[in-house]
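Read through the structure below, which is laid out as structure tokens, and then see the notes.
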Amino acid sequence: AYIERSPDLLLWDRGTYIHRDHVSIPFGAIAEIEHNIISRLEGDIPYLSVSGIFEQYKEKLLKKNIPNESALYTCLRESNNPALRYPDYPYVIKSEKVAQRLPLPLVLEKFVLEQEGVVKLEQIRKYAVEQLCTNEAVFTANHFPNTPNILPVSRGEYIHIQQIGLQKD
């Protein structure tokens, strides 16, 4: 518990910390990534996952000795851009959004409901992976199976229960 609170240690990977004197944060590259995140969050995207952002900039980040998404998240937090908040790993939200972050399965449910009809799994996957920058494996194994109130219509097609006149209990 002390390690997590130490101001001299930075989370660099799951369960791995590094002393800040041994890290050179590439603030130029981080500023470019922050600009990308801020522009993505201008629309109706509630938040982004650093997972997809890391994948998008992976080659550049590896050259700058940022080895993984945990290290990127730490660098973003250290940059302390006032336009962004980091409520819980791996999510980034705009600092003006004061509401509590909805769990991803509820964000996916809202997306399906807003489509007003049958939605292909590929549309839901694209929204989660390409727009929210969620890790695709985590989406497939965890987020999508836990999305409430959607029913399969046929193979790879889903509908929200409200679209067919059913109500939640």
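All heavy atoms count here, side chains included; hydrogens, waters and symmetry mates do not.
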Please step through side-chain contact (heavy atoms from CB on, under 4.5 Å) for the pair Leu61 and Ile33, ending with a clear verdict. CA-CA 10 Å; Leu61 289 168; Ile33 292 168; 3.8 Å; yes
Mark yes when over 12 heavy atoms from residues, nucleotides or ligands other than [X] sit less than 6.0 Å from its [atom1]; otherwise mark no.
| X | atom1 | value |
| --- | --- | --- |
| Asp88 | CG | yes |
| His19 | NE2 | yes |
| Glu59 | CD | no |

Which atom of [X] lies closest to which atom of [Y], heavy atoms considered:
| X | Y | result |
| --- | --- | --- |
| Leu11 | Thr74 | O-OG1, 2.5 Å |
| Tyr127 | Pro46 | OH-CD, 3.9 Å |
| His160 | Val112 | N-CG1, 3.9 Å |
| Pro145 | Phe139 | CD-O, 3.7 Å |
| Leu10 | Glu78 | CD2-OE2, 3.5 Å |
| Ser39 | Asn36 | OG-O, 2.9 Å |

Do Glu157 and Ser154 meet the criterion of a side-chain donor-acceptor pair at a distance under 3.5 Å?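 Present: a donor and an acceptor within the cut-off.
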Would [X] and [Y] show up in the same hydrophobic cluster when neighbours are defined by side-chain heavy atoms closer than 4.5 Å?
| X | Y | answer |
| --- | --- | --- |
| Tyr17 | Val23 | no |
| Ile38 | Phe54 | yes |
| Val119 | Val153 | no |
| Leu121 | Val138 | no |
| Val50 | Leu102 | yes |

Examine distances only and state if a side-chain atom of [X] and a backbone atom of [Y] form a donor-acceptor pair shorter than 3.5 Å.
| X | Y | answer |
| --- | --- | --- |
| Thr140 | Ala137 | no |
| Ser95 | Ala83 | yes |
| Asp13 | Thr16 | no |
| Gln163 | Val118 | no |
| Asn149 | Glu109 | no |

Does [X] reach the side chain of [Y], with side-chain heavy atoms less than 4.5 Å apart?
| X | Y | value |
| --- | --- | --- |
| Ile150 | Phe144 | yes |
| Ile25 | Ser79 | no |
| Ser51 | Thr134 | no |
| Arg40 | Leu48 | yes |

Rounded to the nearest 0.5 Å, what separation is found between the [atom1] atom of [X] and the [atom2] atom of [Y]?
| X | Y | atom1 | atom2 | answer |
| --- | --- | --- | --- | --- |
| Gln115 | Ile124 | CD | CD1 | 8.5 Å |
| Lys64 | Tyr57 | NZ | OH | 13.0 Å |
| Ile30 | Asn80 | CD1 | CG | 13.0 Å |
| Ile37 | Gln56 | CD1 | CD | 9.0 Å |
| Arg77 | Leu84 | CZ | CG | 12.5 Å |
| Leu132 | Glu130 | CG | CD | 11.0 Å |

Between Arg101 and Tyr91, is NZ or CZ placed under 6.0 angstrom from the six-membered ring centre and within 45° of the ring axis?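 Verdict for Tyr91: a cation-pi partner in Arg101.
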Taking Glu96 first and then Lys94, would you say they form a salt bridge - that is, a charged N and a carboxylate O separated by under 4.0 Å?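 Lys94 and Glu96: salt-bridged.
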For Ile18 and Leu9, what are the C-alpha separation, side-chain angles and deciding distance, and is it a side-chain contact (heavy atoms from CB on, under 4.5 Å)? CA-CA 5 Å; Ile18 190 167; Leu9 297 177; over 6 Å; no
Is the distance between the ring centroids of Tyr86 and Tyr73 under 6.0 Å?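 Judged by ring-centre distance (under 6.0 Å), Tyr73 and Tyr86 do meet the cut-off.
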Given the rule in the side-chain contact (heavy atoms from CB on, under 4.5 Å) test, do Glu136 and Arg125 qualify, once you have shown the distances and angles that lead to the verdict? CA-CA 8 Å; Glu136 187 166 2; Arg125 188 202 65 76; 3.2 Å; yes
Under the salt bridge (Lys or Arg N to Asp or Glu O under 4.0 Å) test, which residues partner Lys60, sequence neighbours left out?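 Once residues adjacent in sequence are excluded, the partners of Lys60 under the salt bridge (Lys or Arg N to Asp or Glu O under 4.0 Å) criterion are Glu32.
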Kindly determine whether Glu69 and Tyr89 satisfy side-chain contact (heavy atoms from CB on, under 4.5 Å), including the steps that lead there. CA-CA 10 Å; Glu69 59 192 61; Tyr89 178 84; 3.0 Å; yes
Residues in side-chain contact (heavy atoms from CB on, under 4.5 Å) with Pro105, at least two apart?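 Partners of Pro105 by the side-chain contact (heavy atoms from CB on, under 4.5 Å) criterion, ordered by chain and then number, come out as Pro103, His143, Asn146, Thr147, Pro148.
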